[in-house]
Amino acid sequence: MNAITDWLAGLSGAVVYAVVAALVFCEDALFFGFVLPGETAVVLGGVLASQHHVSVYWLALCVVVAAIAGDSVGYEIGHRFGPRILTTRTLRRHQGRIADAQDLIRRRGPVAVFLGRFIAFFRAMMPALAGASHMRYRTFLLFNALGGIVWGVGFTLLGYFAGSAYSQVEKTVGRVLALALAAIVIAALVVWHLRRRRAHRESSD
C-alpha cells in the first residue's frame, strides 16, 4: 500500500486525479473492482490530498463524476447485453454473490443502486444488473448520483482526515507509535468487515 501511495505522490496533480478517476470509472463500467476496489484508490487519493499533493475539493469532484459516469456505462452494458454478461469467465465463480445482488434489486428496487455503492462487489455489479433488469434509466441515474456523491465525498474525506491524523500523531509521538495505531485501526476494520460478511451470509442462508 505504501508503495502505491509513494508512486502516486511522485505523479503530477493532474495525473493523480486522472489515475484515481480512471480506477473508479473502470470499477463500475468494466468490473475492474475485482482487481482493485475503487474505494482504495479514493482513500489513497485523500491521503495525498492531506499531504498537499492534490486538492481535496478537485479530487472529490473527479471521484463523484467518475463514479456516476462509470455506473451509467455499466448500466448501458447490462441493458444491451442482459444476462449474457453474467456467463462470462470472470463472473462464473461469483454466481452466489450475483444472485444476492439480483435479490437486493428485486426487494429494494432503485434503493439497491444506492446501497450497492457502499459494498465492493455490489458496486461493481449493481449498475449492469440494474440495466439487465430494465430499471428506468432516470430512476437509476437519480439513485446512482445520490450514491456517487455520498460515497465519493465520504471516502475522499476519510482518506484526507486519516492522512492528516496520521501526520499529527507521527509528529507528536513518533513514527513507531503512529504505525502501531494505524495497524490497530486497520485490524479493527478488517474484523468488522469479516463479521459483517458473515452476518450477511447467515441472513442470506
Side-chain angles (χ1 to χ4, degrees), residues 1 4-5 7-9 11-78 101 104-105 108-131 135-167 185-186 189 192-193 196:
M1 192 69 71
I4 298 176
T5 306
W7 174 71
L8 285 173
L11 303 175
S12 66
V15 177
V16 172
Y17 296 135
V19 169
V20 174
L23 290 174
V24 172
F25 177 88
C26 291
E27 176 183 40
D28 304 329
L30 306 174
F31 317 125
F32 199 67
F34 297 120
V35 180
L36 178 65
E39 65 188 21
T40 302
V42 175
V43 171
L44 290 177
V47 171
L48 292 180
S50 74
Q51 299 171 354
H52 308 293
H53 291 287
V54 294
S55 165
V56 67
Y57 304 107
W58 283 110
L59 178 66
L61 178 61
C62 290
V63 169
V64 169
V65 171
I68 296 173
D71 275 0
S72 294
V73 173
Y75 172 93
E76 189 63 25
I77 291 174
L104 184 61
I105 289 179
R108 301 295 183 181
V111 176
V113 175
F114 178 87
L115 297 176
R117 165 56 59 181
F118 301 90
I119 305 172
F121 180 83
F122 286 8
R123 184 166 56 251
M125 288 301 306
M126 195 63 73
L129 293 177
M135 182 184 297
R136 289 183 60 192
Y137 179 70
R138 289 184 179 180
T139 303
F140 169 82
L141 181 60
L142 172 61
F143 287 85
N144 167 35
L146 290 174
I149 292 170
V150 175
W151 176 84
V153 173
F155 275 90
T156 299
L157 292 179
L158 175 64
Y160 180 83
F161 289 120
S164 299
Y166 177 85
S167 298
V185 172
I186 291 173
L189 289 173
W192 173 79
H193 179 68
R196 188 179 68 170

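Since we're looking at a predicted model, the values are computed, not measured.
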All side-chain hydrogen bond (donor to acceptor under 3.5 Å, both in side chains) counterparts of Tyr137, not counting sequence neighbours: Ser72
Within the 6.0 Å centroid threshold, strictly below: Phe122 and Phe118: no
If you take all heavy atoms of [X] and [Y], which pair is closest and at what distance?
X      : Y      : answer
Leu23  : Ala41  : CD1-CB, 3.6 Å
Ala130 : Val113 : CB-CG2, 4.3 Å
Thr139 : Pro110 : CG2-CB, 3.5 Å
Val24  : Val42  : CG2-CG2, 3.6 Å
Ala66  : Ala21  : CB-O, 3.3 Å
Tyr17  : Cys62  : CB-SG, 4.0 Å

Just wondering, do [Y] and [X] contact through their side chains at under 4.5 Å, heavy atoms?
X      : Y      : result
Leu61  : Val64  : no
Val153 : Leu157 : yes
Val150 : Arg117 : no

Distance in Å, [X] [atom1] paired with [Y] [atom2], rounded so as to fall on 0.5 Å steps:
X     : Y      : atom1 : atom2 : value
Thr40 : Glu27  : OG1   : CD    : 8.5 Å
Ile77 : Leu129 : CD1   : CG    : 12.0 Å
Glu39 : Thr156 : CD    : OG1   : 11.5 Å
Tyr57 : Leu59  : OH    : CG    : 12.5 Å
Asp71 : Ile68  : CG    : CD1   : 8.5 Å

Side chain to side chain contact (heavy atoms under 4.5 Å, CB included) between Leu104 and Met126, intermediate numbers included: CA-CA 9 Å; Leu104 184 61; Met126 195 63 73; 3.9 Å; yes
Heavy-atom donor-acceptor pair, Tyr75 side chain to Met135 backbone, under 3.5 Å: yes
Listed partners of Tyr160 passing ring pair (Phe, Tyr, Trp, His ring centres under 6.0 Å), at least two apart: none
All ring pair (Phe, Tyr, Trp, His ring centres under 6.0 Å) counterparts of Phe155, not counting sequence neighbours: Trp151
